[in-house]
Every structure is written in structure tokens, then in C-alpha cells.
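Accompanying notes for the structure given below.
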Amino acid sequence: MSINFSLLFYLKKPKNYQTGPVPIYLRVTVAGKRAELTTSRSVEPERWISSAGRAIGTKAAALVGDGFAPGTLERYTTSLKHTQEFMKWKYGVEDMEISEINHAFVSDYEFYLRSVRKCSNNTAVKYIKNFGKIIRICLANGWISSDPFANYKSKVKTVERVFLSEDELQRLAEKEFPTERLAQVRDIFLFSCFTGLAYVDVQKLRHTDIQKGIDGEQWIFKQRQKTDTPSRIPLLPTALSIINKYRLHPQCLHEGRVLPVPSNQKMNAYLKEIAALCGI
């Protein structure tokens, strides 16, 4: 014998309600009979999602800057977007119960990323791994009892890194560009080449990170963003000249940074344009 049972959280506005938090009630339905009770909680109506029977959280990204980089939040936000779009594509829904996630869901999600989203192997694997981390949190909290990733395997393909030759670097440094933006991105890229700093480390570099070293010359003393390890980098003449070139740049003065670094997306787009102009 089976008995129908359901729970529904909803907002119940009091009489003569105008503004402010609204009490949250729980409706329990068993075999067609209903009972309602208060949860002793309330929420602003604009923060309530009726279709999901829950409120919007207030602590999203609270750990950014405290153990988590902004890029990490952005990566998981993009992963969530892909997951939601996959559910619409495959199941015609915007949300699903976590208990419904199984091995077929994971396999179909990978197929979607590769075929519909046209993701490369490593990009697809990255999004699947992000989804897997969420699943492990669900397992740890007992929200699901079986692992959808059991017997699932994905492999990152090794990508051969192509380095610029000394001749190509020289060609890049001597090239006259038609616009200031291209020359600026070229200078920032050369600075990365002559310091070994990643994009995010160059973007966040401040003049306080530059100090006199034991040899009396200028050095960069900085914690690396990705590895959180200290770096001690001597400033070669080319890198030092680039710093001095942009010392009075409006963006540097306004933001207190060493170089006027654009967004990563713009940086990559301009670098492709620069490479084409230089025949690289």
C-alpha cells in the first residue's frame, strides 16, 4: 500500500500586508489531507523563488579573496550555466532533484558539452570535474547515497606548449602598430615574457611589490595568485623600461597598478591580432 506524501514551502502574507519580510509556511499533504504550520522564518518576497519553494542565498561568493580567487567563482558560475542549459536541452526543465542525477546524466552532459557546446576535450573535462566536485559535496552531506561518477572516466589530453623564439620576441618588440591598444597589449605581453608572471599576477602588480634587492637593483616581491607561493623576480632592463613607460598612464594612476592591463578576454583577442600582424 502506497500513500501520497508531499511538502511545500510557501509565503503567507498577513492581512493588510504592505511591505517587509513575509512568514514562510510549510504545507504537508498526506493522502490528500493538508496541514499547515509556520517555520518561524520570514523572507523578503523578492528573494523568494516560488517554483523552487526556497529563498535566494545571501552569502554567494563570500570566500572570494579568502582562499578562493574571483576566477574560481567565475569558473563555477559558467559551469552552473552550462549545467542548466544542458537540463533544458535534455530534459526540458530548469532544475532537477539531486537524487535524479545518475551515471546517464553525467555521460549525456559530457556529450552535450562536446557536441552542442563544441567544447574541446580538456574544456569538457574541466566542466565535468567542476560538476563532480558538487556531487562529492552532496555525497559528503548524505543528500545522495550513490555516486553518479562511479565507473566514469575522463582524461585530460596533454597539450604541447608552443614558445616564442628569440627572433619572434625581437620582431614583436620592434613592430610598429597602427593603434595604441595593440602597442599597449604587446608591451604587457613582453613584460610577462621577461618576468615569467602570469596574466593575473601582472594585472594585480602594484608599485609596492617592487623593491630594491640584495644586489641594489629593482626586484618584484610578490605572492603568486595561482600557487600562493612567494616570488622574487629581478627586473630586467626591458621589463623596467615598460614599467617606466606606463608610470603616468591614467588607468595606472587611477587603479594604483603598475600596468594598464585589460580584461583577459580582450588581452587574448588583441594578442591574436598582434600575432597575425607580426607573422607569428
Side-chain angles (χ1 to χ4, degrees), residues 49-52 54 56-57 59-65 67-141 143-144 146-163 181 185 188-189 192 198-203 225-227 261-276 280:
I49 307 175
S50 299
S51 59
R54 65 176 178 83
I56 299 172
K59 296 183 179 179
L63 293 178
V64 171
F68 291 89
T72 302
L73 172 62
E74 183 179 352
R75 186 167 68 250
Y76 276 94
T77 300
T78 303
S79 295
L80 172 61
K81 177 175 175 288
H82 286 326
T83 307
Q84 290 171 327
E85 290 176 348
F86 162 69
M87 288 189 293
K88 292 178 184 177
W89 175 80
K90 177 67 178 180
Y91 304 100
V93 298
E94 296 184 355
D95 200 3
M96 293 176 62
E97 292 289 340
I98 191 66
S99 58
E100 296 180 52
I101 307 301
N102 52 25
H103 184 86
F105 182 100
V106 177
S107 298
D108 290 340
Y109 183 30
E110 181 182 1
F111 173 80
Y112 167 82
L113 290 171
R114 294 179 184 273
S115 61
V116 179
R117 299 300 308 180
K118 305 297 182 184
C119 293
S120 65
N121 176 81
N122 290 0
T123 301
V125 170
K126 177 186 69 174
Y127 288 130
I128 291 293
K129 284 186 175 181
N130 289 342
F131 183 68
K133 290 179 181 178
I134 303 302
I135 291 297
R136 287 196 292 275
I137 293 174
C138 295
L139 286 166
N141 283 280
W143 298 334
I144 53 177
S146 59
D147 184 3
F149 281 86
N151 301 318
Y152 173 84
K153 292 183 180 180
S154 60
K155 187 176 182 181
V156 174
K157 293 180 180 178
T158 302
V159 178
E160 182 181 354
R161 298 292 182 182
V162 180
F163 300 95
R181 64 177 174 84
V185 167
I188 294 167
F189 178 75
S192 290
Y199 165 83
V200 67
D201 294 312
V202 175
Q203 185 191 44
Q225 172 77 27
K226 189 170 184 178
T227 60
V261 182
S263 68
N264 197 23
Q265 184 179 12
K266 288 184 178 179
M267 189 82 179
N268 288 332
Y270 294 159
L271 281 173
K272 289 182 180 179
E273 191 175 344
I274 289 170
I280 299 174

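Count residues from 1 along the sequence.
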Worksheet item: Between T83 and Y109, is a side chain to side chain donor-acceptor pair (under 3.5 Å) present by the stated rule, with each step listed?
Response: CA-CA 8 Å; T83 307; Y109 183 30; 3.0 Å; yes

Discussion item. Using side-chain contact (heavy atoms from CB on, under 4.5 Å), reason through I101 and F131 one step at a time and then give a plain yes or no.
Written reply: CA-CA 11 Å; I101 307 301; F131 183 68; 4.0 Å; yes

Discussion item. Go through it in stages, so that I can follow the logic: the residues are K90 and E85, the test is salt bridge (charged side-chain N to carboxylate O under 4.0 Å, His left out), and I'd like the CA-CA distance, side-chain angles, deciding distance and then a yes or no.
Written reply: CA-CA 9 Å; K90 177 67 178 180; E85 290 176 348; over 6 Å; no

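Side-chain contact between V185 and R181 is absent, with no heavy atoms from C-beta onward closer than 4.5 Å. A heavy-atom distance below 4.5 Å is not found between the side chains of I137 and K133. Inter-residue side-chain proximity for I188 and M267 is flagged as met; some heavy-atom pair is nearer than 4.5 Å. Annotation: side chain of D147 is not in contact with side chain of R136 (no heavy-atom distance under 4.5 Å). Counting only heavy atoms from C-beta outward, the side chains of L113 and V125 never approach each other to under 4.5 Å. Looking at M87 and M96, their side chains come closer than 4.5 Å, going by heavy atoms from C-beta outward.
Heavy atoms only, all atoms of each residue included: N130 and R75 are closest at ND2-CG, 3.5 Å. Between A124 and R114 the shortest heavy-atom distance is CB-CG, 4.0 Å. In this structure, V202 and S192 approach most closely via the heavy-atom pair CG2-OG, 3.4 Å. Here the closest non-hydrogen pair linking P262 and Q203 is O-NE2, 4.4 Å.
Taken to the nearest 0.5 Å, the CH2 atom of W89 stands 7.0 Å off from the CG atom of D108. Atoms CD1 and SG, on I144 and C138 in that order, are 5.0 Å from each other to the nearest 0.5 Å. Expressed to the nearest 0.5 Å, how far OG of S154 lies from CD1 of I128 amounts to 7.0 Å. With rounding to the nearest 0.5 Å, the separation of OG in S79 from CD in E74 is 10.5 Å.
For N151, the CG atom sits in a loose shell: 12 or fewer heavy atoms of surrounding residues, nucleotides or ligands are nearer than 6.0 Å. Counted within 6.0 Å of CD on Q84, heavy atoms from surrounding residues, nucleotides or ligands total more than 12; the atom is thus considered enclosed.
The pair E110-R117 does not meet the salt-bridge criterion, since no charged nitrogen lies less than 4.0 angstrom from a carboxylate oxygen.
Between the side chain of N121 and the backbone N or O of K155, at least one donor-acceptor pair lies under 3.5 Å. Looking only at distances, no side-chain donor or acceptor of T123 sits under 3.5 Å from a matching main-chain atom of C119. Listed for the N102 side chain is a donor-acceptor partner under 3.5 Å among the backbone atoms of A104.
Screening Y76, Y127, Y112 for a ring pair (Phe, Tyr, Trp, His ring centres under 6.0 Å) involving H82 leaves a single residue, Y127. Tested against F105 for a ring pair (Phe, Tyr, Trp, His ring centres under 6.0 Å), the candidates F149, Y152, F86, F111 yield a single pass: F86.
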